[in-house]
Protein chains: 2
Amino acid sequence: MTAAIGGRRRQRSTRQGGLVRDQLAAADGFRSAQSVFSDLRARGEVIGLSTVYRHLQALADDGEADTLQTAEGEALYRLCGQTSHHHHHLVCRICGRTEEIEGRGVEQWAAQMAEQHGFTDVGHTIELLGICGACTADGTKS
Amino acid sequence: MTAAIGGRRRQRSTRQGGLVRDQLAAADGFRSAQSVFSDLRARGEVIGLSTVYRHLQALADDGEADTLQTAEGEALYRLCGQTSHHHHHLVCRICGRTEEIEGRGVEQWAAQMAEQHGFTDVGHTIELLGICGACTADGTKS
DNA sequence: CGCCTCAATGATAATGATTACCACACTTCG
DNA sequence: CGAAGTGTGGTAATCATTATCATTGAGGCG
Ligand SMILES: [Zn+2]
Ligand SMILES: [Zn+2]
Ligand SMILES: [Zn+2]
Ligand SMILES: [Zn+2]
């Protein structure tokens, strides 16, 4: 009843909205609201913390950004390539570089597990966290 | 350097430790620290919030309990059957009932993705969240 | 059993991310 | 220009978790 069927959600496009989106786009990895905020401020931009949170959530709601949570419970956001294309992430725990990955095998497995146990309406959270090639190299020498 | 190689970690066994463990064991689903605390208090037990947090983390560290995070960033704990046996969970988002699941296919997929992208030391977070048979039935009638 | 030592406890304060508020600025349109 | 309404952003409020630290109780020993 609440849902606006059409896609549009953010009705006015504002300078701050662009800033947040650009900042996210600039980084190829996941970023926290706090870090997006302080980076923007550090760059001399004038924007409020509340506004950053608002726009990040708007992006997430519109499906333009993916989110995940750190082990410490901090929410991270990332602009993702194809909107509405189901995928997962392989994130470098050092530099944050992120690869979008997918696999119908996993999706099938999830569905199968659900069915096998009589569960319905099953969604899943799948994130891979490791160390990317570049960071491995960095750590190797020295 | 800190690690005691052997299994034992909690050196003194206390009443409070038992309480926390029992409370976890009583529920078959994941429980938050706050809820374990308030349930114990509601039962008339005398225990501090700090202590509940401490014991939950100790259990998690010892591998006796698994943890996961809600979308809101709250940490949940659950005593799991076989210690040191790698598995994942299929959790009912209504009643919290939890099934332990596994699948070497998924593990292989994760490993393969990691290798394919040159990532090393890759771990994964995989949780399935749905509605169990009982809860589906409940929702159907009415 | 009584004593001693130190880990464990728990009330409380501190932290840190996120949200709620709300007065104010900027758009838009008549 | 002026009214109406959205978006902003500083600040206060939330809420889970952690840090402090004085007090308690477990266990070992004589
Ligand atoms: Zn993505
Ligand atoms: Zn998937
Ligand atoms: Zn259920
Ligand atoms: Zn696994």
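Every chain is numbered from 1, with letters handed out A, B, ... down the list of sequences.
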Inset, instruction - Kindly point out which of dT17(D), dG10(C), dG27(D) is positioned nearest to the side chain of Ser13(B)? - result: dG27(D)
Legend entry - Nucleotide dC4(C), atom P - distance to CZ of Arg12(B) in whole Å: 16 Å
Inset, instruction - Would you check if there is a donor-acceptor pair between the side chains of His88(B) and Glu100(B) at a distance under 3.5 Å? - result: no
Legend entry - Phosphate contact (dT9(C) OP1 or OP2) by Thr14(B) side-chain N/O below 4.0 Å: yes
Inset, instruction - Quickly work out the Gln57(B) CD to dA19(D) P distance and round it to whole Å. - result: 9 Å
Legend entry - His55(A) vs dT8(D): side-chain N/O to OP1/OP2 distance below 4.0 Å: yes
Inset, instruction - Could you work out which one of dT9(C), dG10(D), dA11(C) sits closest to the side chain of Arg54(B)? - result: dT9(C)
Legend entry - Sidechain N-carboxylate O distance under 4.0 Å for Asp28(B), Arg78(B): no
Inset, instruction - Give the rounded distance in Å between these two atoms: CD of Gln69(B) and P of dC15(D). - result: 19 Å
Legend entry - Nearest-nucleotide 5' precedence on DNA chain D, Gln34(B) against Arg15(B): Gln34(B)
Legend entry - Distance-only donor-acceptor test, Ser50(A) side-chain atoms vs dG10(D) base atoms, 3.5 Å: yes
Inset, instruction - Take the protein atom CD of Gln16(B) and the nucleotide atom P of dA8(C), then report the distance between them rounded to whole Å. - result: 11 Å
Legend entry - Donor on one side chain, acceptor on other, Gln23(A) and Arg43(A), under 3.5 Å: yes
Legend entry - Nucleotide dA12(D), atom C1' - distance to CG of Leu49(A) in whole Å: 13 Å
Legend entry - Nearest-Å distance for atom pair OH/P, residues Tyr53(A) and dT14(D): 18 Å
Legend entry - Rounded distance in Å - CD (Glu72(A)) to P (dT17(D)): 12 Å
Legend entry - Any side-chain donor near an acceptor of the partner, Glu64(B) and Tyr77(B), under 3.5 Å: no
Legend entry - Leu19(B) CG - dA8(C) C1' separation (whole Å): 14 Å
Legend entry - Polar side-chain atom of Ser35(A) near backbone of Arg31(A) as donor-acceptor pair, under 3.5 Å: no
